[in-house]
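So that the names make sense, note that chain A is the first sequence line, chain B the second, and so on, each numbered from 1. Worth knowing before you read on, the calculation uses all heavy atoms, side chains too, and leaves out hydrogens, waters and symmetry mates.
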There are 2 protein chains.
Amino acid sequence: MIKKAEASLPVYYRLQVSIRNEIESGRWKPGEMIPTERALAEIHAVSVGTVKKALLNLVFEGYLYRVQGKGTFVAGTTLRRESLRYYRLLEHFDDVEADLKVRFLESSEMNCFEPVTRYLNLTPRQKLYEIKRVFLAGEKPVAYTVSYLPQKMFKGLGKLPKSLFEKVTLYKVLEQNYGLPTIYNHELFQIVPAEAEVAGNLKIPEQTPIFFIEMLSFTYKDKPYEYRQAFCHPGKRKLFRET
Amino acid sequence: MIKKAEASLPVYYRLQVSIRNEIESGRWKPGEMIPTERALAEIHAVSVGTVKKALLNLVFEGYLYRVQGKGTFVAGTTLRRESLRYYRLLEHFDDVEADLKVRFLESSEMNCFEPVTRYLNLTPRQKLYEIKRVFLAGEKPVAYTVSYLPQKMFKGLGKLPKSLFEKVTLYKVLEQNYGLPTIYNHELFQIVPAEAEVAGNLKIPEQTPIFFIEMLSFTYKDKPYEYRQAFCHPGKRKLFRET
DNA sequence: GCTCATTTGTTCGTATGTATC
DNA sequence: TGATACATACGAACAAATGAG
């Protein structure tokens, strides 16, 4: 028996939720094609127009993209740039963007610790991958980042070639190897003095005040999957954001 | 004669652009109702479905909102919170939001200066309003802001009651008194030592490293209308952002 | 380069449901 | 209650892009 509240929801909306759940459950990976409008209409016994409305809403929501003549596909990471790349480096509002290179430093396995355990919803016994990277503008290091990912979700991450991490963004690596797109993230900004490890990697004097940005990235179902600490010293340039 | 490129665009899209232009030209103010679907369909000699598609796209773009049984209305400012309020203050990701009070310090008229002239697309002879405010978390000042607005666009702004600026956000004041919604803004982050004026208003020692955030706000047609300098010292708390 | 089957995009029309005042 | 306005749902026809042969 169907509850009244459910029964009264529009058909297109129930279809939309149903397809969204299938995507979130991993039935299709990012980039894969889902059934055609006509097929979905027949399967669910509704009109093509109703299917189209459900699919277009999922496009708006960022779950799908459609290509005329080809089909409807599962979308990947919705963030337009990667985290620290998303913060463009400018001198003025009308300056041109500086582009960044990534240097992979090291990856290792370690035990969970607070506050990562809490942020990533882990048990204290689970293991973490730790990934350290430096971002360079020209030759100058502008950011040093340390990422923590649950080992359970990303088995074999430590065995991927280091060069991969310098060619594409971390988000792309995770999406293509584990089918997990990044939907949104949270950030906390602070100003802190550079400690020895950070100052060394950024090639600045110790105790220099720098940006300390904690970042928490989420995938489907609001599941957090990465906690990152970024230490940023943009030099003459400034961090740019668009709202 | 209609150009080929124009003629080949979909009907709903041309209608969408046409209505958007009318909104941007100020034909209807935020909150006002626009003609009904049926009326628009007759005026433009298209089907109701086509009108609906154009209107729903404008809803998605943030120009309109619709209420079943009432009508379609021009939307106001699209930013969910005001600038520095948009940066919530938290201690941890799972902390609760601190709420801010605004204290209006002073407003005055002044001549244009660089880089404001350039950022706001003004001529050097135009005048500016300068508005200084302090944001308080509890009793502690956490941000000191100085806004610059072109006098030409906001005639009589200096004569509005000061209390108004402490009750509603600056964006609301501008929207309700001048019909100008805020569509998006740009920000540049820096770390600077607090100078005397800033340190005094934030009640911190001079030379303390603080956030210096330059902000440029835009309304319709990508027209910049406010340049703001925000000096922020969140204390124990951190600046929070959601992407 | 062309044709054809497939798939999405556009546009029309109609009927009915639901919220507002 | 009735008039108005938006929302849902169906169906049909044609346009436009894609890819395979």
Exercise. Can you list every pair that meets side-chain hydrogen bond (donor to acceptor under 3.5 Å, both in side chains) and has a residue in residues 38-49 of chain B, with sequence neighbours left out?
Worked result: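 As it turns out, the side-chain hydrogen bond (donor to acceptor under 3.5 Å, both in side chains) pairs with a partner in residues 38-49 of chain B, which skip direct neighbours, are B:S47-B:T50.
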For this session: Write out all pairs satisfying side-chain hydrogen bond (donor to acceptor under 3.5 Å, both in side chains) with one or both partners inside residues 150-161 of chain B, taking only residues at least two apart or from two chains.
Result: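 Listed once each, the pairs are B:E109-B:Q151.
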Problem set entry | For B:S163, side chain to side chain contact (heavy atoms under 4.5 Å, CB included) partners two or more places apart |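 With sequence neighbours excluded, B:S163 shows a side chain to side chain contact (heavy atoms under 4.5 Å, CB included) to B:P161, B:K167, given in chain and number order.
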Exercise. Who are the side chain to side chain contact (heavy atoms under 4.5 Å, CB included) partners of A:K29, not counting sequence neighbours?
Worked result: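 Checked A:K29 against side chain to side chain contact (heavy atoms under 4.5 Å, CB included); matches are A:E32.
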Problem set entry | Selection residues 11-40 of chain B - residue pairs positive for ring pair (Phe, Tyr, Trp, His ring centres under 6.0 Å), sequence neighbours left out |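 Listed by first then second residue: nothing to list.
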For this session: Select one nucleotide: of C:dT11, C:dT10, C:dT7, the one nearest the side-chain heavy atoms of B:V11.
Result: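 Looking only at heavy atoms from C-beta outward on B:V11, the closest nucleotide is C:dT11.
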For this session: Identify, with sequence neighbours excluded, every residue that meets salt bridge (Lys or Arg N to Asp or Glu O under 4.0 Å) alongside B:K52.
Result: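 Salt bridge (Lys or Arg N to Asp or Glu O under 4.0 Å) check on B:K52 returns B:E37.
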Problem set entry | Residues that B:E22 engages under salt bridge (Lys or Arg N to Asp or Glu O under 4.0 Å), provided they are two or more places apart |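 B:E22 satisfies salt bridge (Lys or Arg N to Asp or Glu O under 4.0 Å) with B:R27 once adjacent residues are dropped.
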For this session: Do nucleotides 13-21 of chain C as a string where each nucleotide becomes B, S or -: B if the base has a protein heavy atom under 4.0 Å, S if just the sugar-phosphate does, - if no protein is that close.
Result: S---BBBBS
Exercise. What pairs with B:Q176 under side chain to side chain donor-acceptor pair (under 3.5 Å), at least two apart in sequence or on another chain?
Worked result: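 Applying side chain to side chain donor-acceptor pair (under 3.5 Å) to B:Q176 gives none.
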For this session: Determine, using ring centers only, whether A:F60 and B:F60 are less than 6.0 Å apart.
Result: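 So the answer is yes for these two rings.
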Problem set entry | Within residues 54-63 of chain A: residues closer than 4.0 Å to DNA chain C (heavy atoms) |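 Hits under 4.0 Å, by residue number: none.
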For this session: Whole angstrom is fine here: how far is it from CD in A:E37 over to P in C:dT10?
Result: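 After rounding, the gap between these two atoms is 11 Å.
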For this session: Kindly write out the residues that satisfy ring-ring contact (aromatic ring centres under 6.0 Å, His included) with A:F104, not counting sequence neighbours, or none if the list is empty.
Result: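 Partners of A:F104 by the ring-ring contact (aromatic ring centres under 6.0 Å, His included) criterion, ordered by chain and then number, come out as A:F165.
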For nucleotides 1-3 of chain C, which of its nitrogen or oxygen atoms have a protein nitrogen or oxygen under 3.5 Å away, and what is each distance?
none

